[in-house]
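Below, chain A is the first sequence line, B the second, and so on; all start at residue 1. The structure presented is a predicted model; accordingly, all values stated were derived computationally and were not measured.
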Amino acid sequence: MDRYNFTEIEKKWRKHWENHPINNADDQQKKKYYCLDMFPYPSGEGLHVGHWRGYVLSDVLSRYKILNGFRVLHPMGWDAFGLPAENHAIEHGIHPSASVSANVATFKRQLMEIGAVYDWSCEVNTTDPAYYKWTQWIFVQMYKNGLAYEKDMPLNWCPSCNTVLANEEAQGGECERCKSPVTKKMLRQWMLKITEYADRLLDDLDGLDWPIKVKKMQADWIGKSYGAELDFSVENSSEKIRVFTTRPDTIFGATFIVLAPEHPLVAELTSEKCRANVEEYIKSATAKSSVERMSDKEKTGVFLGTYAKNPLDDGLRMPIWIADYVLPDYGTGAIMCVPAHDERDFEFAKKFDLYIREVIKSPADFPKDTVFAGDGEMLNSGRFNGKHNRAALEEICEESEKLGFGKKTVNYKLRDWVFSRQRYWGEPIPIVHCPDCGTVPVPEEDLPVLLPDVKSYQPTDTGESPLADVHEWMSTTCPVCGKPAKRETNTMPTWAGSSWYFLRYADPFNSEKLAAEELLKQWLPVDYYVGGVEHAVLHLLYARFYTKFLYDIGVVDFTEPFTKLFNQGMITRNGRKMSKSIGNGVSPDSIIREYGCDALRMYELFVGPPALDSDWDDSGIEGTFRYLNKVWKFFNEHREKIVATTPELEHLRHVFVRDITVRLENLSMNTVVSGFMEQTNALISLAKKLGGVDEEILLTLAVLLAPFAPHLAEELWMMIGGTDSVFANPWPTYDESKIKSDMADIALQVNGKLRGQMAIPAAAELSEILPQAREILEKWLDGKEVVKEIYVKGRILNIVVR
RNA sequence: GCCCGAGUGGCGGAAUUGGUAGACGCCCGGGACUUAAAAUCCCGUGAGGCUUGCCUCGUACCGGUUCAAGUCCGGUCUCGGGCACCA
């Protein structure tokens, strides 16, 4: 009887919950709480204890809400399209759906073993045709609303995955999946006009209860900047060069123009003398991968041999250059360069010995030969001299509009979303290409367009999907004119299915609609969303975009999907992220066998503050395991030794409830666990002293433990005569007035140094305690002059002496 | 380069937001129980000093404010993460 039989207890209660759901989901009287984990990709490796951190956290919150009288939706599902399953299929010749279902089985078993209150009756799987029918349906709606379009353009291409990537997937010039350097490829692709939502995606961030870090990352990604587009005429040419600038106020300092090497006017603006030079530069610049292009900090460029005119300063001849530090797809792909007030332009001007003209007065102590980018008084700027540059900025914009060479604009870093992939394992894009009618969406009644079986999953480097080989699938008829036509062979990116799955949980089996309005109303939006920070830009931005679109077409009645977001920290081992390649992953399976899942749950929380990364200690679980044993033993020994309530027991109970509740509300889960340990130790000593405890405190402890160690809590509840489930109880309350103690231990200091302690009535005045305090501190006060006495009630008395 | 985090014992981490630094654990050492071990329980555990009870030092570093600073202010360093020529 040394250890409690966790294996049996946990099995028993898991079964009980399965047959008697505790989440009150159908109780319309109760307020709803939708607590969601980011659904996993079911990889072949199974879960490790790092994954569980977020799952345990969301489960604790869900159970806590149940005890607080909410009906709770806490679902789980599978984001199962994507490259790993496909690569596995290529290697082993097994259909991806087969490996997916095997992996799902493993994941599901593991997740069940943490004893989470997942409602498996609403499990979703993005690869299920009944699910992806609606993924395709949303695409069709976007198409009909002009948000999905085809375009030929240079795209991020991953030469290892053999597919195009969205900008979000190619951050830093690396493939998000395989880390290969991304190259550019000219292809016809499906795009989604996420840029049309840029302002809403940016503005609505304000109202979200999300980590500021994530909000900032999204804001940076959207990258809104205010400025102006200005036209510069070219000497001996009718062409104009349009630039985007955020600093139209510095136009008098714009001493040259730089175009991106890809700019369409380059050939035309190149003088014969310079042509060979220019062509060579373009060749070398475009041959560089985007990683190389970004990592080359040294400025390069060539002169085109022609000049532009500064619209406000006739005398200023502006040489026209090309350089690869100007990006072809931001702004207009051309810039006016103000070397005096822009770091990059300055560097370029220095290197190529171009004219630098200061137009904003830098502060007197500003170091020479550096770039002043701040605000100040204008100079060398004609009639704007002496004005403040911010005022001049407005005036120059007005003037440009009046004279017809420019206007105020805003610019975004956000680009439209490249939405097609040349891979097999994804949702087919539901489009038919008809020689007469062009692109035609598949009629809604014909959805889903099923993913056909193929002989080879191998992607090619031609930019064609493996589906292009399946001729009988590809051949179809045009839904409009009925003539022979071909299906679109590209598939959707894996983000498509995850951009709306949180809606489907509300009504997972609906075959008529994505989800019934009434059920969406009942559960959405998600109240609490838990997941890793790695989705800060990708998934979370796409899901917000989808939600706003679905709002616009009347499918949902809210514009933001996730009211509150929490990013759990990573669990590391020996300071490094757990991963298969390093071989430092810890599987929960063996831990559960040895200590039970309640001990593991407690340790996942105890390991550190949930928002920070924490290092896994293999022996750390001993602590929480010993604790649970201690509690179990305590209940065993004391359920028969019941005594009448005493003020001490009452005080302890209220302190206990307060500590756990306040810390839980603050999500300080690691201190919740230490609070349990500390208060339980206090309880054990008190029980020893009193020869027993009251029923009240046993009941309270069982309920407090329920969100954290639910199986044991049920067992304890039963031991003290409870029936049904501990979750039928309300969360205990506490009364601050019962916690206040009449006595207090205060610290005695002399000149701020701790010199003694003293127990006093908590409400005592300084005059009442001073004589005794002086006695204690005699040694330190002797022969000194007291300057000041500082007394903080219940805390400290500091006597300042000279 | 810019933007976030973080820096406290051998280790994970506490500290009521300016009021007794190191809670709660892990590891380690000592003891009890046991034929023995495991389990359990008790004691010790920041560093240094000696008169063994106390003193000095101590929250990355330097300086400041304050009766009082891990906490506030100014500066510096280190580590982790994100972004990175966005005009």
When you measure from the side chain of [X] to the backbone N and O of [Y], does any donor-acceptor pair fall under 3.5 Å?
{"X": "A:Lys351", "Y": "A:Lys299", "result": "yes"}
{"X": "A:Gln218", "Y": "A:Ala536", "result": "yes"}
{"X": "A:His48", "Y": "A:Val586", "result": "no"}
{"X": "A:Asp220", "Y": "A:Gly223", "result": "no"}
{"X": "A:Asp342", "Y": "A:Ala373", "result": "no"}
{"X": "A:His535", "Y": "A:Leu540", "result": "no"}
{"X": "A:His263", "Y": "A:Ala334", "result": "no"}
{"X": "A:Asp416", "Y": "A:Thr195", "result": "yes"}

Could you check how far [atom1] of [X] sits from [atom2] of [N], rounded to whole Å?
{"X": "A:Ile322", "N": "B:rA87", "atom1": "CD1", "atom2": "P", "answer": "22 Å"}
{"X": "A:Lys753", "N": "B:rU56", "atom1": "NZ", "atom2": "C1'", "answer": "8 Å"}
{"X": "A:Ile739", "N": "B:rU16", "atom1": "CD1", "atom2": "P", "answer": "17 Å"}
{"X": "A:Tyr4", "N": "B:rA39", "atom1": "OH", "atom2": "P", "answer": "17 Å"}
{"X": "A:Glu343", "N": "B:rG1", "atom1": "CD", "atom2": "P", "answer": "12 Å"}
{"X": "A:Gln749", "N": "B:rC55", "atom1": "CD", "atom2": "P", "answer": "13 Å"}
{"X": "A:Phe625", "N": "B:rA38", "atom1": "CZ", "atom2": "P", "answer": "16 Å"}
{"X": "A:Leu605", "N": "B:rG25", "atom1": "CG", "atom2": "C1'", "answer": "14 Å"}

Taking atom [atom1] in both [N] and [M], compute the distance separating them and give it to the nearest angstrom.
{"N": "B:rC62", "M": "B:rC57", "atom1": "P", "answer": "15 Å"}
{"N": "B:rC54", "M": "B:rA15", "atom1": "C1'", "answer": "26 Å"}
{"N": "B:rG7", "M": "B:rG13", "atom1": "C1'", "answer": "13 Å"}
{"N": "B:rC24", "M": "B:rG5", "atom1": "C1'", "answer": "24 Å"}
{"N": "B:rA36", "M": "B:rA32", "atom1": "P", "answer": "11 Å"}

Among [options], the nucleotide that comes nearest once only the side chain of [X] is considered:
{"X": "A:Ser225", "options": "B:rA87, B:rA23, B:rC57", "answer": "B:rA87"}
{"X": "A:Lys630", "options": "B:rC41, B:rC4, B:rC67", "answer": "B:rC41"}
{"X": "A:Tyr330", "options": "B:rC41, B:rA87, B:rC24", "answer": "B:rA87"}
{"X": "A:Asp745", "options": "B:rA87, B:rU20, B:rC4", "answer": "B:rU20"}
{"X": "A:Ile790", "options": "B:rC55, B:rA21, B:rG19", "answer": "B:rG19"}
{"X": "A:Lys788", "options": "B:rA87, B:rC67, B:rG19", "answer": "B:rC67"}
{"X": "A:Glu622", "options": "B:rA87, B:rC85, B:rC26", "answer": "B:rC26"}

Once hydrogens and angles are ignored, does a donor-acceptor distance under 3.5 Å link the base of B:rC85 to the side chain of A:Lys299? yes
Quiz question: going by heavy-atom distance under 3.5 Å, is there a donor-acceptor pair between the base of B:rU16 and the side chain of A:Arg795? yes
So [X], base contact, sugar-phosphate only, or nothing? Heavy-atom distance under 4.0 Å.
{"X": "A:Thr624", "value": "nothing"}
{"X": "A:Gln757", "value": "base"}
{"X": "A:Val792", "value": "base"}
{"X": "A:Lys413", "value": "base"}
{"X": "A:Glu789", "value": "nothing"}

Decide if atom CD of A:Glu736 counts as having more than 12 heavy atoms of other residues, nucleotides or ligands within a radius under 6.0 Å. yes
Short side-chain N/O contact from [X] to OP1 or OP2 of [N], under 4.0 Å:
{"X": "A:Tyr325", "N": "B:rA87", "value": "no"}
{"X": "A:Arg626", "N": "B:rC26", "value": "yes"}
{"X": "A:Arg755", "N": "B:rA68", "value": "no"}
{"X": "A:Lys216", "N": "B:rC3", "value": "no"}
{"X": "A:Asn681", "N": "B:rA23", "value": "no"}

Per the O4'-C1'-N9-C4 / O4'-C1'-N1-C2 angle with a 90° window around 0, B:rG9 comes out syn
Determine if the base of B:rU17 is syn or anti; take syn to mean the glycosidic torsion is within 90° of 0. syn
Reading RNA chain B 5' to 3', how would its secondary structure be written in dot-bracket notation, given Watson-Crick and G-U pairs with both distances under 3.5 Å, brackets [ ] for crossing pairs and | for partners on other strands? (((((((..(((......[....))).(((((.......))))).((((....))))..(((((..]....))))))))))))....
Only one of A:Val792, A:Ile776, A:Leu766 clears side chain to side chain contact (heavy atoms under 4.5 Å, CB included) with A:Leu797; which? A:Leu766
First encountered from the 5' end of RNA chain B, between A:Asn411 and A:Lys688: A:Lys688
Contact nearer the 5' end of RNA chain B, comparing A:Gly756 with A:Gly675: A:Gly756
Taking all non-hydrogen atoms of both residues, which atom of [X] and which atom of [Y] are closest, and how far apart?
{"X": "A:Val326", "Y": "A:Pro261", "result": "O-CD, 4.1 Å"}
{"X": "A:Tyr325", "Y": "A:Cys337", "result": "OH-SG, 3.8 Å"}
{"X": "A:Ala260", "Y": "A:Leu327", "result": "CB-C, 4.0 Å"}

Nucleotide-resolved protein contact map, nucleotides 5-15 of chain B, B/S/- at heavy-atom distance under 4.0 Å: S------BSS-
